[in-house]
Chemist: 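Structure below; questions to follow.
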Amino acid sequence: MAPTGSSDGTANYCKALYDMFKDDADIRACPIVDYPTIPSRLFKYYYRHKPLAEAIKKADIVHINGYTAMGTAQALYLAHHYDKQVIYTAHWHPFQYLRHPFLGKTFFNVIIKPLVRRCAQKVVAINNEDLAFFKAFHPHVVQIPHWYAAEEPASHIAKKKNMILFIGRIDDPVKSISTLYGLPKGKYEVHCVGRGALTTRPDFIQHVNLSDEGLGRLYDEASLVVIPSQYEAFSYVALEAMSHGTPVVMSNRVRIADYLLGIRGYSVFKYNDDTDFLKKVETTIGSTVDRQAIKDLFAPERIGLYYKKIYSE
């Protein structure tokens with residue numbers, strides 16, 4: 001179960017988890033359904049009770065994803081009420097990086113945290129900070145990274161030595177696209193994939209509604225992907241880029257770096273430090289990526305075994 005209106009990362013995670021097990025011989029994944037919801041100013045949304053309850057009754061294990069929405073609390077409560085095994089993944093962000101830090105912290109501590117303690121048999125953490133946060137109050141926390149079925153880069157597509165790629169919601173301050181405007185004008189060809197109002201610059205090119213094939217081509221052509229985000233609990237963009245053989249420059253708040261120590265093909269700059277960002281761009285663009293290490297570390301077959309273990313327990 002994914003939260004309504006979830007971020008792209010959470011939605012991608014839920015879809016990928018379903019795809020991993022939809023044809024599995026041992027685990028039958030129920031299709032992802034958008035259960036009817038009622039919007040709420042105070043609690044974002046909550047589910048209509050009957051369809052949510054009926055869906056939960058059919059399952060043996062309910063894997064709930066969400067952080068600061070009443071729908072998450074509702075799903076935790078109902079799964080416990082119907083005596084289901086509950087796995088919980090928060091896709092946690094530090095409270096200070098939420099859009100409404102005080103409200104988010106209060107809601108989590110007063111409503112979500114007691115339910116997680118009482119209702120969830122296992123908590124899945126995605127990064128080191130996430131793991132430490134939940135281990136402080138829950139006895140059964142497992143850290144599992146995301147995964148990606150790496151494809152070979154298109155051999156007929158040559159990399160453009162000065163091409164930089166950014167992927168994310170352009171109007172979302174968390175994605176920090178403003179960092180890119182510190183790049184010297186005309187030195188790079190900067191491609192931005194995402195919706196929103198992009199500040200006009202002759203060296204910036206925006207792409208909206210790209211197909212998977214079109215996005216894959218950009219990954220193959222780029223000599224660098226930049227992720228200047230204020231916070232990312234993981235980063236599918238970094239994983240996809242490196243799987244395509246494209247190096248990455250990311251802020252020190254992008255938590256996929258927890259898994260990349262010793263692997264070639266990325267560098268980290270101090271968030272909001274323009275000088276450090278420019279330095280890392282210059283030293284990383286066009287560098288070699290250890291694709292095989294990325295492929296092995298984040299292989300779906302490997303990660304799937306961890307999920308089978310926690311589901312079976």
Side-chain angles (χ1 to χ4, degrees), residues 8-9 12 148-172 175-229 232 234-252 254 256-257 260 263-269 271 273-295 297-298:
D8 292 347
N12 287 341
Y148 184 69
E151 300 177 358
E152 290 297 319
S155 58
H156 65 284
I157 298 177
K159 287 200 171 294
K160 297 180 179 179
K161 67 179 183 179
N162 68 333
M163 178 177 165
I164 292 176
L165 180 62
F166 168 91
I167 299 172
R169 298 180 300 280
I170 289 167
D171 289 340
D172 186 346
K175 301 301 180 182
S176 301
I177 194 173
S178 58
T179 302
L180 273 65
Y181 296 113
L183 292 168
K185 289 184 180 180
K187 184 173 182 178
Y188 303 106
E189 184 179 293
V190 184
H191 291 252
C192 301
V193 178
R195 294 182 178 276
L198 184 68
T199 301
T200 302
R201 248 178 68 163
D203 51 352
F204 277 50
I205 302 165
Q206 185 173 11
H207 306 266
V208 180
N209 295 329
L210 273 182
S211 64
D212 290 343
E213 181 181 356
L215 180 58
R217 184 179 183 90
L218 288 179
Y219 274 130
D220 287 336
E221 288 179 335
S223 287
L224 184 71
V225 167
V226 292
I227 308 170
S229 300
E232 298 282 350
F234 190 71
S235 177
Y236 275 111
V237 169
L239 183 51
E240 291 170 356
M242 295 180 76
S243 295
H244 280 262
T246 304
V248 175
V249 167
M250 66 186 82
S251 84
N252 58 347
V254 179
I256 190 176
L260 299 178
I263 294 177
R264 298 189 312 275
Y266 79 102
S267 62
V268 174
F269 73 96
Y271 174 72
D273 186 329
D274 292 342
T275 301
D276 194 27
F277 172 69
L278 292 175
K279 178 182 176 181
K280 296 299 169 57
V281 166
E282 291 177 1
T283 58
T284 309
I285 190 167
S287 60
T288 301
V289 177
D290 190 345
R291 289 191 64 257
Q292 190 59 50
I294 296 296
K295 183 176 181 180
L297 185 59
F298 300 104

Chemist: CG/D290 to NZ/K295 distance, rounded to the nearest 0.5 angstrom?
Modeler: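 Result: 12.5 Å between the selected atoms.
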Chemist: Determine whether S243 and F298 make a side-chain contact, defined as any pair of heavy atoms from C-beta on separated by less than 4.5 Å.
Modeler: no
Chemist: To the nearest 0.5 Å, tell me how far E240 CD sits from D212 CG.
Modeler: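 Those atoms lie 9.0 Å apart.
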Chemist: Sub-3.5 Å donor-acceptor pair from the side chain of K160 to the main-chain atoms of E221, do we have one?
Modeler: no
Chemist: With a 4.5 Å limit on heavy-atom distance, are the side chains of T246 and K159 in contact?
Modeler: yes
Chemist: Would a 4.5 Å heavy-atom cut-off, applied to side chains only, mark M242 and L260 as touching?
Modeler: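 Touching, per the 4.5 Å side-chain cut-off.
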Chemist: Heavy atoms only: give me the nearest I177-I170 pair and the separation to one decimal.
Modeler: CG2-O, 3.6 Å
Chemist: I need the S223 OG to N162 CG distance, nearest 0.5 Å.
Modeler: 7.5 Å
Chemist: Distance check, rounded to the nearest 0.5 Å: E282 atom CD versus L224 atom CG?
Modeler: 11.0 Å
Chemist: Is the shortest heavy-atom distance from the side chain of Y219 to the side chain of V237 under 4.5 Å?
Modeler: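 Touching, per the 4.5 Å side-chain cut-off.
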Chemist: Examine distances only and state if a side-chain atom of Y181 and a backbone atom of T199 form a donor-acceptor pair shorter than 3.5 Å.
Modeler: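 At least one qualifying donor-acceptor pair exists.
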Chemist: Return the CE to CG distance between M163 and D220, rounded to the nearest 0.5 Å.
Modeler: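 Reported value, rounded in 0.5 Å steps: 9.5 Å.
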Chemist: For G286 and P247, work out which heavy atoms get closest and say how close.
Modeler: N-CG, 3.9 Å
Chemist: What pair of heavy atoms forms the shortest contact from D276 to V268, and how long is it?
Modeler: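 That closest heavy-atom pairing would be OD2-O, 4.3 Å.
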Chemist: For a 4.5 angstrom cut-off between non-hydrogen side-chain atoms, does I285 reach Y188?
Modeler: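 Touching, per the 4.5 Å side-chain cut-off.
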Chemist: Is the closest side-chain heavy-atom distance between I167 and K175 below 4.5 Å?
Modeler: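 No, every pair of side-chain atoms sits at 4.5 Å or beyond.
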Chemist: For I263 and I294, work out which heavy atoms get closest and say how close.
Modeler: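 So the minimum-distance heavy-atom pair works out to CG2-CD1, 4.0 Å.
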Chemist: How about F269 and K279: do any of their side-chain heavy atoms sit closer than 4.5 Å?
Modeler: no
Chemist: Taking atom CZ of F166 and atom CG of L198, what is their separation to the nearest 0.5 Å?
Modeler: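 Here the rounded value is 9.0 Å.
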Chemist: So, for S229 and V254, which heavy atoms are closest and what is the spacing to 0.1 Å?
Modeler: CB-CG2, 4.4 Å
Chemist: Can we say R201 and D203 salt-bridge, meaning some charged N sits less than 4.0 Å from an Asp/Glu carboxylate O?
Modeler: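 D203 and R201: salt-bridged.
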Chemist: I need the minimum non-hydrogen distance between D171 and G196, along with the two atoms involved.
Modeler: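 Taking D171 first and G196 second, the nearest heavy atoms are OD2-CA, 3.3 Å.
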Chemist: Is a donor from one side chain sitting under 3.5 angstrom from an acceptor on the other, for E232 and S235?
Modeler: no
Chemist: Going by heavy atoms in the side chains, are H244 and V289 under 4.5 Å from each other?
Modeler: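 The answer is no, as the side chains (C-beta and beyond) never meet within the 4.5 Å cut-off.
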